[in-house]
Amino acid sequence: MRSRRLADVLVPWYRQTARELPWRRSGFGAWGTLVSEFMLQQTPVARVIPMLEAWLERWPTPDALAGASPAEAVTQWANLGYPRRALWLHRAAVEIRDRHDGVVPRDVDELLSLTGVGDYTARAVAVFAYGDRHPVVDTNSRRVIARAIHGRTHPDAAHRRDLDEMSGLLPHADIDAAVMNAAMMELGQVVCTARSPRCDVCPVRDMCAWVAAGSPWTADTRRKQARYEGSDRQARGLVLKALRDAAPDPLPEEALLTSWHDPRQRDRALASLYDDGLIEPDGDLVHLPRR
DNA sequence: TAATCGTGGAG
DNA sequence: TCTCCAAGATT
């Protein structure tokens with residue numbers, strides 16, 4: 001059947017052509033893997049690499065990060081985006097210290113119980129750091145499945161059934177299954193890309209349902225990302241940038257978003273940041289979270 | 001379940 | 001210039 005043959009082609013293809021990335025080095029470690037996966041959540045590989053190395057140099061273990069303040073984590077996170085991830089990674093480090101003796105857990109359910117760790121990240125750590133056999137499904141592999149298996153241009157929204165589908169594609173041996181998971185992601189990222197797939201160099205084009213269907217380019221029905229300019233997210237981003245730049249010093253709340261056009265939106269952005277625990281009040285001052 | 005959450009590079 | 005979207009998680 002098709003699923004079996006896909007792995008027969010992709011596993012050797014990956015072994016021959018995969019890019020060298022920091023988290024693919026042997027002995028990179030579960031902590032490094034966990035940090036890299038947090039950073040890679042919605043942030044491109046090229047932007048992650050230098051930030052990851054700086055992070056691991058500063059905090060080489062979960063204990064080291066757990067001993068720092070959330071403010072330090074948010075500051076070190078710099079411009080990676082979605083700063084809640086920095087907060088959550090810090091919380092996860094505290095949980096690893098307190099509940100797992102400072103060792104990144106191997107069990108998927110224990111990984112899932114860590115703050116900020118979901119279906120993708122938990123299995124990525126179990127598979128890529130520990131070598132266990134689980135389906136790892138990210139946006140790239142979902143796109144490859146949509147095209148190669150179902151002949152669709154775009155994947156549907158992420159769903160847990162994706163895990164079952166990927167399970168059906170995995171070879172039996174743990175080591176090969178791990179490579180297959182990585183190969184699907186790699187193919188989606190470098191060949192079967194979202195906007196302009198490079199079918200001319202695709203190793204599985206002769207078994208691709210989408211190519212067989214004539215490579216139809218249908219509309220993407222998934223909801224588009226909201227406009228950023230003038231959004232709450234932009235307002236929040238400006239607040240955190242100001243606080244990161246001032247860190248470790250706080251700033252007067254009046255100094256934040258001084259030239260923002262919409263005072264109600266300014267209040268809303270600040271309120272949501274307080275709510276998320278990304279900022280905290282100290283009289284008239286605003287701090288990044290100190291504990 | 002669908003909306004929300006940053007930032008910057010590529011096309 | 002402007003749109004798209006990137007190794008997702010949470011509520």
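Just so it is clear: chains get the letters A, B, ... in the order the sequence lines come, proteins before strands, and each one is counted from 1. Excluded from the calculations below are hydrogen atoms, water molecules and symmetry mates; all remaining heavy atoms, backbone and side chain alike, are included.
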message: Could you check whether atom CG of A:L285 has more than 12 heavy atoms from other residues, nucleotides or ligands sitting under 6.0 Å from it?
response: yes

Check: protein-nucleotides 9-11 of chain B nitrogen or oxygen pairs below 3.5 Å:
none

query: Heavy-atom contacts under 4.0 Å between residues 229-257 of chain A and DNA chain B, which residues?
result: A:D232, A:R233, A:R236, A:G237, A:R244

task: Taking only heavy atoms on the protein side, list every residue of residues 130-145 of chain A lying under 4.0 Å from any atom of DNA chain B, sorted numerically.
output: none

- prompt: Can you list, by residue number, the residues of residues 72-88 of chain A that have a non-hydrogen atom closer than 4.0 angstrom to DNA chain B?
  reply: A:N79, A:L80, A:G81, A:Y82, A:P83, A:R84, A:R85

message: Please report the distance separating the P of C:dT11 from the corresponding atom of B:dG6, rounded so that it comes out in whole Å.
response: 14 Å

message: Regarding A:F38, tell me which of base, sugar-phosphate or nothing describes its non-hydrogen contacts under 4.0 Å with the strands shown.
response: nothing

- prompt: When only distance counts, do a donor and an acceptor, one from the side chain of A:T43 and one from the base of B:dG8, lie under 3.5 Å apart?
  reply: no

field: Stretch residues 104-125 of chain A: residues that reach within less than 4.0 Å of DNA chain B through a heavy atom
entry: none

message: Within a 6.0 Å radius of atom CG on A:D262, are there more than 12 heavy atoms belonging to other residues, nucleotides or ligands?
response: yes

field: Over 12 non-hydrogen atoms of neighbours within 6.0 angstrom of CD in A:E57
entry: no

query: Got a sec, which pairs hit salt bridge (charged side-chain N to carboxylate O under 4.0 Å, His left out) with one end in residues 155-177 of chain A, sequence neighbours left out?
result: A:R15-A:D176, A:D119-A:R160, A:R142-A:D162, A:R152-A:D156

query: Is there a donor N/O on one and an acceptor N/O on the other, under 3.5 Å, for the side chain of A:Q225 and the base of C:dC5?
result: yes

query: Are more than 12 heavy atoms from other residues, nucleotides or ligands located less than 6.0 Å from atom CG of A:D101?
result: no

